[in-house]
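What follows is one structure encoded as structure tokens, with my remarks underneath.
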Amino acid sequence: MSDQRFIIEMGIGNDQYGQDYTKAARRAIEDALRHSAIPMFQALEPSLGLTPQDMRVQVTIAVQQPDLVDTEALVSALPHGRAEVTAVAGGLNVINPDSGNVIVIASAAVEAFLPYLGDQA
């Protein structure tokens, strides 16, 4: 085992007027990040030498049109670690029957992994 997942957070975001899948995805990531704090680095860094930059961060974004998500732009929005963002089919588009406006809803799963330390921890 090379990496061990130590956190997974979920979030949801939307773009109500612009039909911008990347904006909805960014908001979903921000929502997930607001739910988490990782105080373990303060405790582990001195003894194990781990920092937030040692994390591998895997983000999965679900939207109706995954090809319209700028995954590279979303990588730059993540505050720590070596990140990868993947867009998949999912999410939801809601159409206002009166105006025809499409609300884009994205969901995100943000996972963080650290190198497996075995019995060292």
Side-chain angles (χ1 to χ4, degrees):
M1 179 185 304
S2 62
D3 285 343
Q4 185 170 8
R5 182 174 65 187
F6 69 96
I7 192 168
I8 181 168
E9 289 288 349
M10 284 69 65
I12 188 166
N14 64 67
D15 182 25
Q16 294 188 28
Y17 301 104
Q19 297 179 25
D20 186 328
Y21 288 88
T22 301
K23 182 187 285 185
R26 183 181 315 273
R27 290 175 175 171
I29 292 169
E30 290 169 353
D31 181 47
L33 294 178
R34 279 190 209 99
H35 298 151
S36 57
I38 310 174
M40 66 181 269
F41 287 109
Q42 294 169 345
L44 291 180
E45 188 171 0
S47 61
L48 299 176
L50 293 173
T51 71
Q53 295 310 326
D54 293 315
M55 289 188 299
R56 178 173 62 86
V57 180
Q58 173 62 51
V59 178
T60 305
I61 296 293
V63 293
Q64 287 288 297
Q65 295 186 37
D67 54 316
L68 297 180
V69 175
D70 183 349
T71 56
E72 290 303 313
L74 296 174
V75 165
S76 66
L78 293 161
H80 302 292
R82 301 174 321 276
E84 178 182 331
V85 176
T86 304
V88 299
L92 186 63
N93 285 356
V94 177
I95 301 171
N96 181 331
D98 298 323
S99 67
N101 181 57
V102 177
I103 299 171
V104 172
I105 303 172
S107 55
V110 179
E111 301 173 83
F113 300 81
L114 283 172
Y116 180 70
L117 299 174
D119 295 329
Q120 298 177 36

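Hydrogens, waters and symmetry mates play no part in the numbers below; they use all other heavy atoms, side chains included.
Val75 and Tyr21 fall within a single hydrophobic cluster, where Ile, Leu, Val, Met, Phe, Trp and Tyr side chains are chained together by heavy-atom contacts under 4.5 Å. Cluster annotation: Met10 is not connected to Leu33 through the hydrophobic network of ILVMFWY side chains, with a link wherever side-chain heavy atoms come within less than 4.5 Å. Taking hydrophobic clusters as Ile, Leu, Val, Met, Phe, Trp and Tyr residues chained together by side-chain heavy-atom distances below 4.5 Å, Val110 shares a cluster with Phe6.
Other cluster members for Tyr17: none, since no ILVMFWY side-chain heavy atom sits under 4.5 Å from it. The other residues sharing a hydrophobic cluster with Ile105 are Ile12, Leu92, Val94, Ile103, where clustering joins ILVMFWY side chains under 4.5 Å apart.
Closest heavy-atom contact between Ser76 and Ala73: OG-O, 2.7 Å. Counting all heavy atoms, side chain and backbone alike, Leu78 lies closest to Ala83 at CD1-CB, 3.4 Å. Between Pro66 and Ala89, the closest heavy-atom pair is CG-N, 3.7 Å. Considering every non-hydrogen atom in both Lys23 and Asp15, the closest pair reads CD-OD1, 3.5 Å. Closest heavy-atom contact between Arg26 and Ala77: NH1-CB, 3.2 Å.
For the pair Val104 and Asp20, the minimum side-chain heavy-atom distance is 4.5 Å or more. In this structure the side chain of Asp31 never reaches within 4.5 angstrom of the side chain of Glu9, judged on heavy atoms. Contact annotation: the side chain of Val63 never approaches that of Leu68 to less than 4.5 Å [non-hydrogen atoms, C-beta and beyond]. The shortest side-chain heavy-atom distance between Val59 and Leu74 does not fall under the 4.5 Å cut-off. Contact annotation: the side chain of Gln53 approaches that of His80 to within less than 4.5 Å [non-hydrogen atoms, C-beta and beyond]. The shortest distance between side-chain heavy atoms of Ile61 and Thr71 does not fall below 4.5 Å. Contact of the Val57 side chain with the Glu84 side chain is not registered, since no non-hydrogen atoms from C-beta on lie closer than 4.5 Å.
Listed for the Gln64 side chain is a donor-acceptor partner under 3.5 Å among the backbone atoms of Gly90. A donor-acceptor pair under 3.5 Å is absent between the side-chain atoms of Asp54 and the main chain of Leu114, judged by distance alone.
In this structure Arg5 satisfies the side-chain contact (heavy atoms from CB on, under 4.5 Å) test together with Ile8, Glu111, Phe113, sequence neighbours excluded.
Atom OG of Ser107 sits about 12.0 Å away from atom CG of Asn14, to the nearest 0.5 Å.
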